[in-house]
Amino acid sequence: MSQVYSHDSQSTLTQTPPQYKQYATGWGFRLGLLAAFVSILIWASWLVSMRAGVTNTLTAFDLGVLRYSPPALLLFPFLWRARATVRAVSPILLLGIVCGAGLPFFYLSATGLKYAPASHAGLLILGAFPFFVTLLAVLFYQEKVSRERKIGLSLVCFGVVVLLSLSLLTAPEGTWKGDLLLLAASFFWAVYTVSLRIAGLPPLVSTALMGLVSLLALLVLGATGLVSSGLAQASWEMIAGQVLVQSLLVGLMTGFSYGYAIQKLGAENMAAIGAFTPVLAALIAIPVLGEHLEGYSIAGLIFVSIGVVIASGIFKKR
């Protein structure tokens with residue numbers, strides 16, 4: 001009798017998916033959707049805000065301090081209370097969380113936005129990252145890629161290639177440099193997404209960890225004189241706007257909302273919803289920054305957005 005029970009238990013265990021592949025239902029799923037939509041609204045505003053900041057007097061160092069100070073200081077109590085939980089997580093996953101959304105990602109994004117418009121940033125960072133998420137899942141976790149995801153990711157790649165190729169040929173000089181930096185930032189964001197999902201840390205704890213490590217690194221850079229600041233030359237209106245977006249919305253709110261959405265919906269569903277971020281960023285940048293959408297940017301947005309939605313499998317019958 002015990003042998004049969006043991007065998008059935010083992011069968012049940014082998015059929016049960018790992019925790020990071022189990023998604024919420026009911027109100028948990030609905031709240032996850034709400035958190036996801038809050039995240040994409042903040043992301044779109046963040047891209048436009050970053051573009052406005054780095055093309056004026058503020059430096060990447062200034063924006064980084066504004067971005068990482070609030071989660072590092074205000075959320076530190078959550079990190080301290082969960083220190084045992086953090087220590088139990090693989091150092092590789094912690095490194096992925098810290099680097100994926102920390103300084104490497106931030107500096108790649110900020111530098112890329114010096115050269116490329118916000119519409120390119122939305123498409124390349126948040127549109128292309130599902131491809132990198134899948135690549136990481138296949139390489140490190142031997143995850144199988146469905147036919148729908150292959151088709152969707154093919155459209156994503158096509159849209160990115162269209163943008164990069166025509167940007168190189170027709171866009172202002174240096175835009176291609178920004179595009180490549182933004183694409184590298186997309187890879188780091190994918191590392192963050194996968195690491196966050198598998199680590200399973202509470203959203204406020206992971207946000208505090210990423211903020212604290214990033215702020216300490218910024219302080220070291222500032223002490224060595226390797227970075228410069230333009231805060232003294234910036235207007236109060238510019239600083240206030242960046243504090244609102246970088247410190248409050250991105251630094252605090254989206255750290256929780258994105259982590260919560262990943263836990264409740266999974267990376268694939270979150271990627272599908274995030275596909276609308278490039279469109280929102282491009283639309284916001286038109287009146288705020290005076291940008292305009294080129295024909296190849298529109299084509300890239302269409303291919304990438306459709307590809308991400310298909311690749312996510314969100315419409316697949318379960």
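From a predicted model like this one, the values you see are computed outputs, not experimental measurements. All residue numbers in this chain count up from 1 along the given sequence.
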* Short side-chain to backbone donor-acceptor contact, S186 and I125, under 3.5 Å -> yes
* To do: Please name the pair of heavy atoms, one in V160 and one in A128, separated by the smallest distance, quoted to 0.1 Å.
  => CG2-CB, 4.0 Å
* Asked: If you measure from CG on L164 to NE2 on H120, what distance do you get to the nearest 0.5 Å?
  -> 9.0 Å
* To do: For the residue pair Y192 and Y258, categorise the inter-ring angle as parallel (less than 30°), tilted (30 to 60°) or perpendicular (more than 60°).
  => parallel
* Asked: Can you list every pair that meets ring pair (Phe, Tyr, Trp, His ring centres under 6.0 Å) and has a residue in residues 156-175, with sequence neighbours left out?
  -> F158-F303
* To do: Spell out, yes or no, whether L166 and I302 are grouped together once hydrophobic residues are joined by side-chain heavy atoms under 4.5 Å, including indirect joins.
  => yes
* Spacing of CD1 belonging to I286 relative to NE2 belonging to H292, to within rounding of 0.5 Å -> 10.0 Å
* Asked: What is the distance from atom OG of S119 to atom CG of L289, rounded to the nearest 0.5 Å?
  -> 10.0 Å
* Asked: Out of F129, F187, W189, which residue meets the ring-ring contact (aromatic ring centres under 6.0 Å, His included) rule with F105?
  -> W189
* **Shortest non-hydrogen contact between A118 and E291, atoms and distance** => N-OE2, 3.1 Å
* Locate the shortest heavy-atom distance separating S39 from S257; write the atom from each residue and the value. => OG-OG, 2.8 Å
Can you give each donor-acceptor pair under 3.5 Å made by side-chain atoms of residues 219-237, sequence neighbours left out, with the distance rounded to 0.1 Å?
from : atom 1 : to   : atom 2 : distance (Å)
T224 : OG1    : V220 : O      : 3.2
T224 : OG1    : L221 : O      : 2.8
S229 : OG     : D62  : OD1    : 2.6
S229 : OG     : L231 : N      : 3.3
S235 : OG     : M238 : N      : 3.1

* To do: Apply side chain to side chain contact (heavy atoms under 4.5 Å, CB included) to the pair M50 and F106, showing each step before the final yes or no.
  => CA-CA 10 Å; M50 284 275 287; F106 190 86; 3.8 Å; yes
* Asked: Taking S49 for the side chain and S45 for the main chain, is one N or O donor matched with an acceptor at less than 3.5 Å?
  -> no
* To do: Can you spot which of L218, L212, V213 makes a side chain to side chain contact (heavy atoms under 4.5 Å, CB included) with L216?
  => L212
* To do: Kindly indicate, with the supporting measurements, whether the criterion side chain to side chain contact (heavy atoms under 4.5 Å, CB included) is fulfilled by F131 and C157.
  => CA-CA 8 Å; F131 170 80; C157 291; 3.7 Å; yes
* Asked: Are V89 and V191 in one and the same hydrophobic cluster, where Ile, Leu, Val, Met, Phe, Trp and Tyr link if side-chain heavy atoms are under 4.5 Å apart?
  -> yes
* Indicate if I42 and V243 have the same hydrophobic cluster label, given that clusters are the connected sets of ILVMFWY residues with side-chain heavy-atom separations under 4.5 angstrom. => yes
* When rounded to the nearest 0.5 angstrom, what distance separates CG in L63 from OH in Y107? -> 9.0 Å
* Does atom CG of L168 have more than 12 heavy-atom neighbours, drawn from other residues, nucleotides or ligands, at distances under 6.0 Å? -> yes
Show every donor-acceptor pair shorter than 3.5 Å between a side-chain atom in residues 65-85 and any protein atom, with sequence neighbours excluded, or say none if there are none.
from : atom 1 : to   : atom 2 : distance (Å)
Y68  : OH     : A101 : O      : 2.8
Y68  : OH     : G102 : O      : 3.0
S69  : OG     : V65  : O      : 2.6
R83  : NH1    : W80  : O      : 2.7

* Side-chain heavy-atom pair L124, D179 within 4.5 angstrom cut-off -> yes
* **A44 to A281 - nearest heavy-atom pair and separation** => CB-N, 3.7 Å
* **Contact summary for L163 and L123, nearest pair of heavy atoms** => CD2-CD2, 3.7 Å
* **Distance-minimising heavy-atom pair for R149 and T134** => CD-OG1, 3.3 Å
* Do side-chain atoms of Q263 reach the backbone of L201 as a donor and acceptor pair under 3.5 angstrom? -> yes
* Asked: Is the closest side-chain heavy-atom distance between M253 and L248 below 4.5 Å?
  -> no
* To do: Using atom types as modelled and distance alone, determine if a side-chain donor or acceptor of Q246 lies under 3.5 Å from a backbone N or O of G64.
  => no
* Asked: For Y115, does the OH atom sit with more than 12 other heavy atoms under 6.0 Å from it, leaving out its own atoms?
  -> no
* Asked: So with a 6.0 Å cut-off around OH of Y260, is the heavy-atom count from everything else above 12?
  -> yes
* To do: Answer with yes or no whether the hydrophobic clustering places V245 together with F37; edges join I, L, V, M, F, W, Y residues whose side-chain heavy atoms lie under 4.5 Å apart.
  => yes
* Structure fact -> OG (S195) and CG (L93) are apart, to the nearest 0.5 Å, by 5.5 Å
* Asked: Is there a donor-acceptor pair closer than 3.5 Å between any side-chain N or O of T175 and the backbone N or O of P172?
  -> yes
* **Any donor-acceptor N/O pair, S206 side chain to P203 backbone, under 3.5 Å** => yes
* Asked: How far does CZ of F188 sit from CZ of F132, to the nearest 0.5 angstrom?
  -> 11.0 Å
* V161-I298 co-clustered via ILVMFWY side chain contacts under 4.5 Å -> no
* Asked: With no hydrogens and no angle check, is any side-chain donor or acceptor of R197 less than 3.5 Å from a backbone partner on G259?
  -> no
